[in-house]
Amino acid sequence: MKLSGNTILITGATSGIGRALAVALHGLDNQVIIAGRRKALLDEVTAANPGMQSIELDIGDAASIQAASARLIADFPRLNVLVNNAGVMHFDDAAAAIDEEMMQTTITTNLMGPIRLTGALIGHLQQQASATVVNVSSVLGFVPMAMTAVYSSTKAALHSYTMSLRWKLKNTSVKVLELAPPWVQTDLLDSKDEPRAMPLAEFIEETIAVLGTDVSEVLVERAKPMRANPGPGEYVFVEQFNDILAQPA
């Protein structure tokens with residue numbers, strides 16, 4: 001995708017990957033609009049980045065998505081890039097009774113939210129000369145982490161949805177990308193200081209470079225081995241991966 005001159009909406013952009021991506025794209029001469037539930041955090045990010053705009057959006061609420069989408073189309077008629085980044089991640093136990101609230105929140109936020117928001121904006125995006133939808137999944141959609149079974153499942157489902165969306169829009173002006181991060185040093189699972197995770201600044205720099213190419217899947221080098229794993233023998237690597245994670249750090 002082109003890296004400048006866009007009007008970009010990024011959900012979940014008050015922290016972590018979303019915030020860092022918003023700052024990087026803002027610095028490349030794009031009109032960036034960040035979306036999130038907490039106005040105080042939105043104001044903090046926009047104050048630190050003059051010219052950046054924000055909109056309150058609860059990605060887990062269908063009515064909020066509809067209202068925010070209508071406002072976005074009215075206020076930013078040149079909106080041509082949607083980055084579905086908002087997500088939540090919790091530990092769970094697939095071998096025990098499920099925490100109903102955790103399950104519903106994770107599925108609603110990580111899967112239903114992006115589908116709803118894309119559906120609300122896709123007609124507008126198709127009216128643009130060039131538009132892009134970027135769905136942020138995870139390498140855990142290809143190699144699930146058993147300790148976060150529900151989260152991993154939502155990312156696998158988002159990958160599947162993204163492939164369908166890409167096919168449906170292949171003859172339109174809208175390109176559909178999937179960004180599948182590896183483990184990155186963010187607040188998710190308190191990973192900010194995790195030495196095994198990829199530094200956030202390094203991840204963003206490499207991601208921007210890949211975004212500027214003509215690819216459908218945006219993968220940094222660290223993500224590629226896990227993306228390549230699915231296939232007839234995939235469980236061997238999945239088992240090894242989870243055995244390693246189960247060991248003390």
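Only heavy atoms go into these numbers, but all of them, side chains included; no hydrogens, no water, no symmetry mates.
Enclosure of atom CG in Asp243 by more than 12 non-hydrogen atoms of other residues, nucleotides or ligands within 6.0 angstrom is indicated.
For Val210 against Thr213, the heavy-atom pair with the smallest separation is O-OG1, 2.6 Å. Between Thr11 and Ala86 the shortest heavy-atom distance is OG1-N, 2.9 Å. Annotation for Ala24 and Ile204: closest pair CB-CG2, 3.8 Å, computed over non-hydrogen atoms. Closest approach of Gly51 and His26 over heavy atoms only: C-CE1, 3.8 Å. Shown here for Arg116 and Gly60, the closest heavy-atom pair between the two residues is NH1-O, 4.1 Å. Annotation for Gly18 and Ile10: closest pair O-CG2, 4.1 Å, computed over non-hydrogen atoms.
Legend: residues meeting salt bridge (Lys or Arg N to Asp or Glu O under 4.0 Å) with Lys2, ordered by chain and number and at least two apart, are absent. Not a single ring pair (Phe, Tyr, Trp, His ring centres under 6.0 Å) links Tyr161 to another residue, sequence neighbours left out. Among residues two or more places apart in sequence or in another chain, the salt bridge (Lys or Arg N to Asp or Glu O under 4.0 Å) test is passed with Glu206 by none. Ser153 meets the side chain to side chain contact (heavy atoms under 4.5 Å, CB included) test with no other residue; sequence neighbours excluded. Partners of Pro199 under the side chain to side chain contact (heavy atoms under 4.5 Å, CB included) rule, at least two apart in sequence or in another chain, are Gln185, Glu202, Arg222. Qualifying salt bridge (Lys or Arg N to Asp or Glu O under 4.0 Å) partners for Asp93, counting only residues two or more places apart in sequence or in other chains: none. Every residue two or more places apart in sequence or in another chain that forms a salt bridge (Lys or Arg N to Asp or Glu O under 4.0 Å) with Lys224 is listed here: Glu221.
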Let me have the donor-acceptor pairs involving side chains of residues 125-133, under 3.5 Å, with sequence neighbours excluded, atom names and distances please.
unit_1 : atom_1 : unit_2 : atom_2 : d
Gln128 : NE2    : Pro77  : O      : 3.3
Gln128 : NE2    : His124 : O      : 3.4
Gln128 : NE2    : His124 : NE2    : 3.4

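Within the structure, ring pair (Phe, Tyr, Trp, His ring centres under 6.0 Å) pairs that include any residue of residues 128-149 comprise Phe142-His159 (at least two apart or interchain). The salt bridge (Lys or Arg N to Asp or Glu O under 4.0 Å) pairs that include a residue from residues 30-44 are Arg19-Glu44, Lys39-Asp43, where partners are two or more places apart or lie in different chains. Sorted pairs that involve residues 65-122 and meet ring pair (Phe, Tyr, Trp, His ring centres under 6.0 Å), not counting sequence neighbours, are lacking altogether.
The closest side-chain donor-acceptor pair between Asp58 and Ser64, if any, does not fall under 3.5 angstrom. Side-chain N/O atoms of Thr162 and Asn135 include a donor and acceptor closer than 3.5 Å.
Other residues sharing a hydrophobic cluster with Val236 under the 4.5 Å side-chain heavy-atom criterion for ILVMFWY residues do not exist; the residue is a singleton.
No side-chain heavy atom of Arg227 sits less than 4.5 Å from a side-chain heavy atom of Glu178. Here the side chains of Leu189 and Glu194 are not in contact, with every heavy-atom distance at 4.5 Å or above. Side-chain contact between Val220 and Pro181: absent, with no pair of heavy atoms (C-beta onward) separated by less than 4.5 Å. Annotation: side chain of Asn110 is not in contact with side chain of Leu158 (no heavy-atom distance under 4.5 Å). Using a 4.5 Å heavy-atom cutoff, the side chains of Leu169 and Ile122 are in contact. Within the 4.5 Å cutoff, the side chain of Ile17 has heavy atoms near those of the Asn85 side chain. Under the 4.5 Å side-chain criterion, counting only non-hydrogen atoms from C-beta, Val136 is not in contact with Leu21. Ile33 places a side-chain heavy atom less than 4.5 Å from the side chain of Leu79.
Here the side chain of Asp99 pairs a donor or acceptor atom with the backbone of Met102 at under 3.5 angstrom. Between the side chain of Arg78 and the main chain of Gln31, no donor-acceptor pair closer than 3.5 Å is present. Using a distance-only test at 3.5 Å, with no hydrogens or angles considered, no donor-acceptor pair links the side chain of Ser69 to the main chain of Leu121. For the pair Thr106 (side chain) and Met103 (backbone), a donor-acceptor distance under 3.5 Å is absent. Of the possible polar contacts, none joining the Asn84 side chain to the Gly113 backbone as a donor-acceptor pair under 3.5 Å is found. Remark: side-chain polar atoms of Asn229 are paired, donor with acceptor, to backbone N or O of Glu234 under 3.5 angstrom. With Asn30 contributing its side chain and Thr7 its backbone, the two residues share no donor-acceptor pair below 3.5 Å. Counting only distance, with no hydrogens or angles, the side chain of Thr154 and the backbone of Tyr151 share a donor-acceptor pair below 3.5 Å.
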side-chain contact (heavy atoms from CB on, under 4.5 Å), that's the test. Do Leu140 and Met226 meet it? Break it down for me. CA-CA 8 Å; Leu140 298 184; Met226 296 181 76; 4.2 Å; yes

Hey, mind stepping through Leu57 and Leu117 against side-chain contact (heavy atoms from CB on, under 4.5 Å) and telling me if it holds? CA-CA 10 Å; Leu57 168 66; Leu117 184 57; 4.3 Å; yes

Kindly indicate, with the supporting measurements, whether the criterion side-chain contact (heavy atoms from CB on, under 4.5 Å) is fulfilled by Leu177 and Leu211. CA-CA 9 Å; Leu177 308 182; Leu211 266 177; 3.8 Å; yes

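Under the 4.5 Å side-chain heavy-atom criterion for Ile, Leu, Val, Met, Phe, Trp and Tyr, Val32 and Val81 are members of the same hydrophobic cluster. Linking Ile, Leu, Val, Met, Phe, Trp and Tyr whenever their side-chain heavy atoms come within less than 4.5 Å leaves Leu179 and Val176 in two separate clusters.
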